[in-house]
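As structure tokens, the structure follows; a few thoughts come after it.
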Amino acid sequence: MTNVAAIGHNNPPDPIDEATAPFADAIAEAENWLDGTKVTNEAQMKAVDAILKDVRAALTAVTKAEKAAAAPLHAAW
């Protein structure tokens with residue numbers, strides 16, 4: 001019996017997916033807030049501020065991952 005792997009099975013993980021994985025909950029919560037619901041009290045504002053902080057951290061992580069992924073191509077060029 002031969003174990004045949006699917007095409008592409010040896011590809012490395014996507015650096016963008018790895019960078020955003022720790023922020024999946026914050027991104028999902030931010031998507032919930034993007035439905036147009038208005039902030040009506042201080043507790044909601046604090047929650048939104050915390051989500052915004054996490055989303056900014058995710059953006060920083062994605063930017064670093066993009067640079068790391070592109071670095072070998074830029075070096076070769």
Side-chain angles (χ1 to χ4, degrees):
M1 179 174 200
T2 323
N3 186 3
V4 179
I7 293 175
H9 73 282
N10 61 344
N11 287 339
D14 181 25
I16 303 301
D17 290 340
E18 287 186 329
T20 58
F23 304 101
D25 292 338
I27 292 168
E29 189 60 29
E31 289 172 350
N32 290 336
W33 277 100
L34 293 174
D35 65 358
T37 303
K38 294 184 180 187
V39 175
T40 58
N41 60 45
E42 188 68 26
Q44 288 178 338
M45 181 55 84
K46 287 181 181 181
V48 169
D49 287 343
I51 293 167
L52 185 57
K53 181 181 175 186
D54 287 343
V55 169
R56 286 182 177 149
L59 178 60
T60 301
V62 167
T63 301
K64 287 179 183 178
E66 287 174 339
K67 286 180 182 178
L73 298 172
H74 287 201
W77 179 59

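These values consider heavy atoms only, across backbone and side chains, with no hydrogens, waters or symmetry-generated copies.
No donor-acceptor pair closer than 3.5 Å links the side chain of T37 to the backbone N or O of W33.
Between A69 and P15, the shortest heavy-atom contact is CB-CG, 3.8 Å. Across K38 and Q44, no two heavy atoms sit closer than the pair O-OE1, 3.9 Å.
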Check step by step if side-chain contact (heavy atoms from CB on, under 4.5 Å) holds for K53 and D49. CA-CA 6 Å; K53 181 181 175 186; D49 287 343; over 6 Å; no
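Distance check: I51 CD1 to E31 CD gives 11.0 Å after rounding to the nearest 0.5 Å. The distance from atom CD1 of I16 to atom OG1 of T63, rounded to the nearest 0.5 Å, is 8.5 Å.
By the 6.0 Å contact criterion, CG on D25 is open, its count of non-hydrogen atoms from other residues, nucleotides or ligands being 12 or less.
In the hydrophobic clustering of this structure, V55 groups with M45; members are Ile, Leu, Val, Met, Phe, Trp, Tyr whose side-chain heavy atoms approach within less than 4.5 Å, directly or through other members.
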